[in-house]
Amino acid sequence: MSKVVLITGASRGIGRAMAIKFAESGWLVAANYNKSEEKALQLKSMSSNIYIYKADVSDRDEVKKMVDAVRKELGPICVLINNAAISSIKMFSDITKEEWDHTFDVNVKGVYNCTQEVLPDMVRMNSGSIINISSMWGQVGASCEVHYSATKAAIIGFTKALAKELGPSCIRVNCIAPGVIATEMNKDVDLSELREETPLGRIGTASEIAECAYFLASDNSSFITGQVIGVNGGLVV
Ligand code: NAP
């Protein structure tokens, strides 16, 4: 029987690359999206292993409905990848309360919502892998992205704490901290300086993050938990 992975924010960018990688490797992929329906339908058309589910990860009721539907249609969820996130570039003094709350609701509460809803499957199976997508900015901080950096740092704390709690249930919890990756999230950012600062001399690709996620989902990483894996071309060590 094929294993089931739920990937949040899979309509575009890194989430999409992960959905394709898992589907090509024979997994059943529950690909979550929120606003980009056309892109999600396009993704679904690429493989009979990909099923799409609309939900705003910050809304607990929508997450519950999505997880119930995945369970019913595909089976118990073995791997959860908390990837959905938003970012914006703003001076700290210009960040409104609404923007601050919304960024935390999607990037942090979304991780809490999805993890709590999926967890009963993993506890029942006494196995599972949860992979949270943080950012190198959660490790070193990005100027004019204090709200985003703070959410990504929170995910690192979440990962380390939950890994300790769930280790005895044989559930692994890890975190990927990507460096600069070519996706729509960076469409308004001049990346040339960051490219030059990166020891490998280039911007990363979404599929390079997908490869790391696939490793953390697989038994090849069976003794790895509570870790933050940097996939950043050497920019942050
Ligand atoms: P992206 O291209 O902007 O894609 C973001 C994805 O998140 C989209 O599929 C979007 O879905 C989804 N999303 C946003 N809000 C959502 C919500 N409320 N509910 C459900 N889905 C939602 O971003 P990306 O670059 O692929 O980033 C993916 C992850 O990598 C994020 O966690 C990001 O913080 C992290 N990361 C990225 C970089 C980078 O350089 N790109 C670097 C470090 C970390 P819809 O369009 O359907 O709404």
### Task
Please test Trp27 against Val4 for side-chain contact (heavy atoms from CB on, under 4.5 Å), starting from the C-alpha separation and ending with a verdict.
CA-CA 6 Å; Trp27 287 61; Val4 178; over 6 Å; no
### Task
With salt bridge (charged side-chain N to carboxylate O under 4.0 Å, His left out) as the test, would you mind laying out the steps for Asp94 and Lys90 before giving the verdict?
CA-CA 6 Å; Asp94 293 336; Lys90 284 240 158 157; over 6 Å; no
### Query
Between the side chain of Ser207 and the main-chain N/O of Ala210, is any donor-acceptor distance below 3.5 Å?
no
### Verdict with supporting geometry, Ser88 and His147, side chain to side chain donor-acceptor pair (under 3.5 Å)
CA-CA 9 Å; Ser88 58; His147 50 342; 2.9 Å; yes
### Query
What heavy-atom pair brings Arg16 and Leu43 nearest, and what distance separates the two atoms?
CG-CD1, 3.8 Å
#### Entry: Separation between CG of Leu41 and CE of Met46, rounded to the nearest 0.5 Å
13.5 Å
### Query
Hey, quick one: are Val63 and Phe158 part of the same hydrophobic cluster, counting side-chain heavy atoms closer than 4.5 Å, chains of contacts allowed?
yes
### Side chain Asn174, main chain Gln227, donor-acceptor under 3.5 Å
yes
### Query
Can you tell me how far the CG atom of Asp56 sits from the CG atom of Asn34, to the nearest 0.5 Å?
4.5 Å
### Query
Is the shortest distance from a Lys or Arg side-chain nitrogen in Glu37 or Lys44 to a carboxylate oxygen in the other one below 4.0 Å?
no
### Main-chain N/O of Ile171 paired to Ser169 side chain as donor or acceptor, under 3.5 Å
no
### Task
Can you see which heavy atom on Met18 is nearest to which on Ile7, and at what distance?
C-CD1, 3.8 Å
### Donor-acceptor side-chain pairing of Asn83 and Thr8 below 3.5 angstrom
no
### Val67 vs Leu6 side-chain heavy atoms within contact, under 4.5 Å
yes
### Task
Compute whether any side-chain donor of one residue and acceptor of the other, for Glu24 and Tyr214, lie under 3.5 angstrom apart.
no
### Query
Is Val29 reachable from Ile176 through a run of hydrophobic residues whose side-chain heavy atoms are each under 4.5 Å from the next?
yes
### Asn107 and Thr151 side chains, donor-acceptor separation under 3.5 Å
yes
### Task
Begin with the C-alpha distance, continue with both residues' side-chain angles, and end with the deciding distance and a verdict on salt bridge (charged side-chain N to carboxylate O under 4.0 Å, His left out) for Asp61 and Lys65.
CA-CA 6 Å; Asp61 291 340; Lys65 275 187 202 143; over 6 Å; no
### Task
Determine whether the side chains of Ser221 and Arg172 contain a donor N or O and an acceptor N or O closer than 3.5 Å.
yes
#### Entry: Same apolar cluster: Phe22 and Leu216, side chain cutoff 4.5 Å
yes
#### Entry: Test side-chain contact (heavy atoms from CB on, under 4.5 Å) applied to Leu119 and Gln116, step by step
CA-CA 5 Å; Leu119 207 49; Gln116 265 197 350; 5.8 Å; no
### Query
With no hydrogens and no angle check, do the side chains of Gln42 and Ser45 hold a donor and an acceptor under 3.5 Å apart?
no
### Query
Looking at side-chain heavy atoms only, is the closest gap between Met122 and Ile130 below 4.5 Å?
yes
### Task
May I ask you to test the Pro178-Ile181 pair for a side-chain heavy-atom distance under 4.5 Å?
yes
#### Entry: same_hphob_cluster(Met66, Tyr51) at 4.5 Å side-chain heavy-atom cutoff
yes
### Query
Under 3.5 Å, is there a donor-acceptor pair between the Asn82 and Thr115 side chains?
yes
#### Entry: Working for side-chain contact (heavy atoms from CB on, under 4.5 Å), residues Phe215 and Ile131
CA-CA 10 Å; Phe215 168 68; Ile131 301 158; over 6 Å; no
### Query
Any sub-3.5 Å donor-acceptor pair from Asn49's side-chain atoms to Ala23's backbone N or O?
yes
### Message
Could you go through Glu117 and Tyr112, starting from their C-alpha distance and side-chain angles, then the distance that decides it, and tell me whether this counts as side chain to side chain donor-acceptor pair (under 3.5 Å)?
### Response
CA-CA 9 Å; Glu117 287 299 335; Tyr112 158 77; over 6 Å; no
### Query
Is there side-chain contact between Val5 and Ile81, with heavy atoms separated by less than 4.5 Å?
yes
### Closest non-hydrogen atom pair, Pro199 against Gly233
CD-O, 3.4 Å
#### Entry: Backbone of Leu28 reached by a side-chain donor or acceptor of Ser2 within 3.5 Å
no
### Message
Hydrogens and angles aside, do Ser58 and His102 bring a side-chain donor and acceptor to less than 3.5 Å of each other?
### Response
no
### Task
Please check if the side chain of Asp59 supplies one atom and the backbone of Glu62 the other of a donor-acceptor pair under 3.5 Å.
yes
### Task
Nearest 0.5 Å please: distance from the CD1 atom of Ile89 over to the CG atom of Asn186.
8.0 Å
### Task
State, to 0.1 Å, how close Ala55 and Asn32 come at their nearest heavy-atom pair, and which atoms those are.
O-ND2, 3.1 Å
### Message
So does Thr205 get a backbone contact from the side chain of Glu208, meaning a donor-acceptor N/O pair under 3.5 Å?
### Response
yes
### Task
Give a yes or no answer on whether the side chain of Asn132 reaches the backbone of Thr159 with a donor-acceptor pair at less than 3.5 Å.
no
### Message
Just verifying a value: how many Å separate Ile156 CD1 and Ser135 OG, rounded to the nearest 0.5 Å?
### Response
8.0 Å
### Message
With heavy-atom distances below 4.5 Å as the criterion, would you say the side chains of Ile95 and Tyr148 are in contact?
### Response
no
### Task
Keeping the roles fixed (side chain from Ser149, backbone from Ala142), state whether a donor-acceptor pair exists under 3.5 Å.
yes
### Task
Please examine the side chains of Lys152 and Trp137, heavy atoms only from C-beta on, and report whether any two atoms are closer than 4.5 Å.
no
### Message
Between Asp68 and Lys64, does the salt bridge (charged side-chain N to carboxylate O under 4.0 Å, His left out) criterion hold? Intermediate values first, please.
### Response
CA-CA 6 Å; Asp68 286 348; Lys64 183 174 172 11; 3.0 Å; yes
### Which atom of Arg71 lies closest to which atom of Pro120, heavy atoms considered
NH2-CD, 4.4 Å
### Message
For Glu145 versus Ser87, what's the shortest heavy-atom pair and its separation?
### Response
OE1-CB, 4.1 Å
### Side-chain touch Met136/Leu235, heavy atoms, less than 4.5 angstrom
yes
### Task
Give, for atom CD of Glu184 and atom CZ of Arg12, the distance between the pair rounded to the nearest 0.5 Å.
4.5 Å
### Task
Answer yes or no: is there a side-chain heavy-atom contact under 4.5 Å between Ile155 and Val111?
yes
### Query
Under a 4.5 Å side-chain heavy-atom rule over Ile, Leu, Val, Met, Phe, Trp and Tyr, are Ile209 and Ile224 clustered together?
yes
### Message
Quick one: does any side-chain atom of Thr198 pair with a main-chain N or O of Leu200 as donor and acceptor, under 3.5 Å?
### Response
no
### Distance (rounded to the nearest 0.5 Å) between Lys3 NZ and Ser127 OG
7.0 Å
